[in-house]
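Keep in mind that what you see is a predicted model, and the values were worked out from it rather than measured.
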Amino acid sequence: MPESPLAVGADAPGFSAPLVTPNGEIEETALADLLAEKPVLLAFYTNDFSPDCVNEWCSFRDYDWFATGERVQVVGVSRSRTYTHEKFIDYLDLGFPLYSDRDLSIAEAYGVKYRAFKVAARAKRSVFFIDRDGVIRYRWVGEHPLDPSRDTPPLEEIQAAVEDVLGPTEEESFGFK
């Protein structure tokens, strides 16, 4: 297990876990399969339906740049069960798939597993942008002094980091240059 979160430039650990899609399908899916389609923004969070996590996922949903999913796949990871993921996706009308990391092995591989108040194991709220070659190109990790699951990912900073790697999004010109 890494002692600290994986650094930018590191190879993203491969894994396979149950993935719940917005259309309700549940399938064991490897990260490599997602990366074969397009880069992945892997977002770790504590649990479905906790107030901070509801706010986080609503912000991803409502931030149009991530919601379109044209250039990058936003994929959540939490220890919640697949059944709960289904309900969470439906309740918030999310267009993002969610991995179930019941034993926190994915969080551990990325160096974001910790014990809240030295008791409850969970993942720090964190985001890793992984390019199609499986290299971490950006990372953000919550560092709230009391509970790292309380920090909120900086969506505009994440968008800028992704655009630094993939290039800027083309603006709609309506036929004008």
Side-chain angles (χ1 to χ4, degrees), residues 6 12-110 112-114 116 120-134 136-142 148-156 158-159 162 166 169:
L6 295 176
F15 62 86
S16 184
L19 184 70
V20 180
T21 64
N23 62 6
E25 293 179 19
I26 302 169
E27 188 174 336
E28 186 79 13
T29 305
L31 175 63
D33 293 341
L34 297 179
L35 291 173
E37 296 175 23
K38 61 178 99 168
V40 170
L41 191 69
L42 203 57
F44 289 88
Y45 65 105
T46 308
N47 283 309
D48 296 336
F49 295 104
S50 68
D52 291 340
C53 295
V54 167
N55 290 340
E56 175 183 6
W57 284 97
C58 285
S59 68
F60 275 122
R61 179 197 66 203
D62 297 342
Y63 194 71
D64 289 339
W65 193 86
F66 292 115
T68 62
E70 293 174 6
R71 304 185 72 206
V72 64
Q73 300 175 80
V74 177
V75 182
V77 183
S78 85
R79 70 177 309 164
S80 296
R81 298 180 191 288
T82 55
Y83 174 78
T84 310
H85 278 341
E86 287 179 289
K87 299 297 178 197
F88 190 61
I89 287 169
D90 287 345
Y91 179 71
L92 296 179
D93 193 27
L94 296 179
F96 311 112
L98 305 174
Y99 274 114
S100 180
D101 185 19
R102 295 294 300 145
D103 62 359
L104 293 171
S105 61
I106 303 169
E108 186 172 1
Y110 282 76
V112 295
K113 178 181 174 183
Y114 81 106
R122 57 176 59 174
K124 287 183 179 181
R125 187 160 299 165
S126 50
V127 174
F128 294 87
F129 173 57
I130 306 164
D131 69 17
R132 292 188 69 190
D133 294 326
I136 296 171
R137 302 296 299 266
Y138 169 85
R139 87 161 192 203
W140 172 86
V141 180
S149 68
R150 291 182 168 214
D151 284 339
T152 304
L155 299 182
E156 289 178 0
I158 294 168
Q159 177 185 351
V162 170
L166 301 179
T169 305

Check the pair I158 / F129 against side-chain contact (heavy atoms from CB on, under 4.5 Å), numbers first and verdict last. CA-CA 8 Å; I158 294 168; F129 173 57; 5.9 Å; no
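- The minimum heavy-atom distance linking V20 with E86 is given by the pair CG1-CG, 3.7 Å.
- Counting only distance, with no hydrogens or angles, the side chain of Y110 and the backbone of P13 share a donor-acceptor pair below 3.5 Å.
- Between the R71 side chain and the V162 main chain, no donor and acceptor come within less than 3.5 Å of each other.
- The two residues R132 and L35 have their closest heavy-atom pair at NE-O, 3.2 Å.
- How far OG of S80 is from NE2 of H85: 5.5 Å, rounded to the nearest 0.5 Å.
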Chi angles and distances behind the side-chain contact (heavy atoms from CB on, under 4.5 Å) call for R122, Y114: CA-CA 6 Å; R122 57 176 59 174; Y114 81 106; 3.1 Å; yes
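- Judged by distance alone, with hydrogens and angles left aside, the side-chain atoms of Y99 form a donor-acceptor pair with the main-chain N or O of T29 at under 3.5 Å.
- Side-chain N or O atoms of R125 include none that pairs as donor or acceptor with a backbone N or O of Y45 at under 3.5 Å.
- Results of the side chain to side chain contact (heavy atoms under 4.5 Å, CB included) test with S126 over V112, V77, L42 single out V112 as the only residue that passes.
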Go through the steps to decide whether L19 and E27 satisfy the test side-chain contact (heavy atoms from CB on, under 4.5 Å), and finish with yes or no. CA-CA 5 Å; L19 184 70; E27 188 174 336; 5.9 Å; no
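- Minimum interatomic distance between L34 and Q73 (heavy atoms only, all atoms of both residues): O-NE2, 2.7 Å.
- At least one side-chain heavy atom of R79 sits under 4.5 Å from a side-chain heavy atom of N47.
- Counting only distance, with no hydrogens or angles, the side chain of T84 and the backbone of D48 share no donor-acceptor pair below 3.5 Å.
- When all heavy atoms of S78 and T46 are compared, the closest pair comes out as CB-O, 3.7 Å.
- Panel note: side chain D101, backbone I106; a donor-acceptor pair is recorded below 3.5 Å.
- Counting all heavy atoms, side chain and backbone alike, D131 lies closest to R137 at OD2-NH1, 3.1 Å.
- Partner of F96 under the side chain to side chain contact (heavy atoms under 4.5 Å, CB included) criterion, out of L41, I89, T21, V74: V74 alone.
- Nearest approach of A107 to A123, heavy atoms of both residues: CB-CB, 3.8 Å.
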